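Here is the structure we will look at, set down as structure tokens.
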Amino acid sequence: MSEKSRYSSTRYHDPGQQEFFSFENVVLKGLASDGGLFHPDSIPNVRNNLLDWKDLPFPDLAYEVIRLYVDEITLDKSKNLHLLELFHGPTFAFKDVALQFLGNLFEFFLVRKNKNSEASQSRHHLTVIGATSGDTGSAAIYGLRGKKDVSVFIMFPDGKVSPVQEAQMTTVLDPNVHCLAVQGTFDDCQDFVKAAFGDAEMNKIHHLAAVNSINWARILAQITYYFYSYFSLLKTDPDLKPVKFVVPTGNFGDILAGYYASRMGLPVNKLVIATNENDILHRFWETGTYSKKSNYHPTKNPHNGIPADGSQAHAEGVKETLSPAMDILVSSNFERLLWHLALENEFAINPHVKRESSVRVAGGKIAAWFQDLKTTGKFTVEPELLDNAREIFATYRISDKQTTETIRACYRGEAVEKSGYVLDPHSAIGIAASLREISSPEHNKDVAVVSLATAHPAKFANAVDLALEHESGFSFDTVLPEQFVGLDKKERKVIKVPANTDLAGIRELVTKEVEKEKEERNGST
Ligand SMILES: *Cc1c(COP(=O)(O)O)cnc(C)c1O
């Protein structure tokens, strides 16, 4: 393992020998055993190579792959506002970019491990188990379908994901894909997954792997399109100034990739976090406190007492919004950013100590903060750390009402020059935040703003309909991709999981299905 490509945990802090991990380990393990996340030990700086980069084989190769998923549209020339469409993969959501890559990586590592083991008994085999409320499940299934030596089990709450998303998942008939319709909520699904990962018996039988957004390989794949979109703007403007990226954010994976790109030397002016009403990140940037409990009190209309931005009254826990892929209580990847900020703060305070000891102090802080989050529901960082976070990032919180207004105003050509463009609710949150950033006094209108579009509007028909049903000339058929036509009538494969199923039941089900797969494969070869 070379020093350049090694990884460690964000929570490493004990005085013993620091443990490093290979990329393969990081991809296959997902989460570090101390509960922390993996991060690269050092970030390569390519600032001096930037001009040559676009001619090197690697970006050419990355372009070839990424351009299948990516499109860039200029929404408003006068505002220098561009939309980066990341939803041209097989499931019409940006998660395809990372999960197509992850699926191939899993297969690559397994084929390599299995090169010398012919007997089926001793072959390395991965059992991927995931819970989904929609988007991750279908993107994971399409990333892993047909992959050798990988079985994938995706649990979703029966009847609680959108009809399109359910059809996308259950119409995949590959033998290694298993959809489990759980009679319960998304939280029940997630609890099953957590219990399975913590179950000694399960781990004895299966090599379990996760595909959720904490897997480093997903972040890595997403770094590419920040470079791609920068270079595509550079082609039309050789004097391009550092760019602002605006990202609809949930688990902080997508925007974290932008942070790594900027740390690598990509000229980035600002990374703008756009959240829905699940606004833990927005509140952190306002206050320096990362807290599960919302303290947000929107200005209320004095006449009717309803918040002026149309927010819902504040309840505990996750709020259901029109942008469900961003409905989170805490953002798992935020820990990685905090680790970098904590380390830099350490360097600034104690410039003369060895890097090793600064790394230990930073890891100790992360471990303590996340312990606090677990026990008290919150933690607060130092003011200097918050200042640094504010230098690179800005945040906006967008309500459901503002989301539908943005879809409408964009379609009408009121918010932007281009008319007739149909945004999905997640991308609309990005555009709403972009427009606020552009109208802020500090914004320089020569700076290009790239707003990331994370899903195709046809995936979130109800929110789009809510915004556009009364628009003359609007019909959903005009935005429906041909892959969605007739999807609801295709053959389905799904296993119902009754409400009273326990962990042993799940274990038995998974084991039986994996055995069946192996027998089928051995029979057919
Ligand atoms: C997952 C998702 C997001 C949020 O991305 P994070 O990496 O979790 O911040 C935004 N929009 C859509 C459509 C998504 O599926």
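Indexing begins at 1, ligand by ligand and atom by atom, following the structure's order. Given the structure is predicted, the values throughout are model-derived calculations rather than measurements.
- Between Lys244 and His443, the side chains place a donor N or O and an acceptor N or O closer than 3.5 Å (distance only, hydrogens not considered).
- Taking only nitrogen or oxygen atoms, main chain and side chain alike, Thr454 reaches within less than 3.5 Å of ligand 1.
- With 3.5 Å as the limit, one finds a donor-acceptor pair spanning the side chains of Asn278 and Asp327.
- The nearest protein atom to atom 15 (O) of ligand 1, hydrogens excluded, is given as Lys95 NZ, 2.4 Å; this is a heavy-atom distance.
- Counting only distance, with no hydrogens or angles, the side chain of Lys160 and the backbone of Gly184 share a donor-acceptor pair below 3.5 Å.
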CA sep, side-chain torsions, deciding dist, call: Ser399, Glu277, side-chain hydrogen bond (donor to acceptor under 3.5 Å, both in side chains): CA-CA 6 Å; Ser399 69; Glu277 293 173 35; 4.5 Å; no
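- Within the listing of ligand 1, atoms 13 (C), 14 (C), 15 (O) sit less than 4.0 angstrom from a heavy atom of Asp135.
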Criterion side-chain hydrogen bond (donor to acceptor under 3.5 Å, both in side chains) on Asn215 and Arg218, from CA distance to verdict: CA-CA 6 Å; Asn215 194 305; Arg218 286 184 57 178; over 6 Å; no
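- Among Tyr290, Phe284, Phe334, the single residue meeting the ring-ring contact (aromatic ring centres under 6.0 Å, His included) criterion with Phe379 is Tyr290.
- Judged by the shortest distance from any of its heavy atoms, Ala93 lies outside the 4.0 Å radius around the atoms of ligand 1.
- Under a cutoff of 6.0 Å and an axis angle of 45°, Arg145 and Tyr142 form a cation-pi pair.
- Residue Pro248 has at least one heavy-atom neighbour below 4.0 Å for each of these atoms of ligand 1: 4 (C), 10 (C).
- Put simply, no part of Phe87 is less than 4.0 Å from ligand 1, judged by heavy atoms.
- Taking the six-membered ring for Trp, Tyr260 and Trp216 have ring centres closer than 6.0 Å.
- With a 4.0 Å heavy-atom cut-off, ligand 1 is reached by the backbone of Asp254 and by its side chain too.
- The distance from ligand 1 to the heavy atoms of Asn251 drops below 4.0 Å at these ligand atoms: 6 (P), 8 (O), 9 (O).
- Taking only nitrogen or oxygen atoms, main chain and side chain alike, Thr249 does not reach within less than 3.5 Å of ligand 1.
- Using a 4.0 Å cut-off to heavy atoms of Met326, the atoms of ligand 1 that qualify are 10 (C).
- In terms of modelled atom types and a separation under 3.5 Å, the side chain of Ser427 and the main chain of Thr454 share a donor-acceptor contact.
- Of the N or O atoms in Ala455, none lie within a sub-3.5 Å distance of an N or O in ligand 1.
- Nearest protein neighbour of atom 5 (O) of ligand 1, counting heavy atoms only, is Phe94 CZ, 3.6 Å.
- The shortest N or O to N or O distance between Gly253 and ligand 1 is below 3.5 Å.
- Remark: the Thr380 side chain and the Thr289 side chain contain an N/O donor-acceptor pair separated by less than 3.5 Å.
- Here the protein heavy atom with the shortest distance to atom 4 (C) of ligand 1 is Gly250 N, 3.5 Å.
- Checking only distances, His426 never comes within under 3.5 Å of ligand 1, N or O to N or O.
- Heavy-atom proximity to Phe252, at under 4.0 Å, picks out these atoms of ligand 1: 6 (P), 8 (O), 9 (O).
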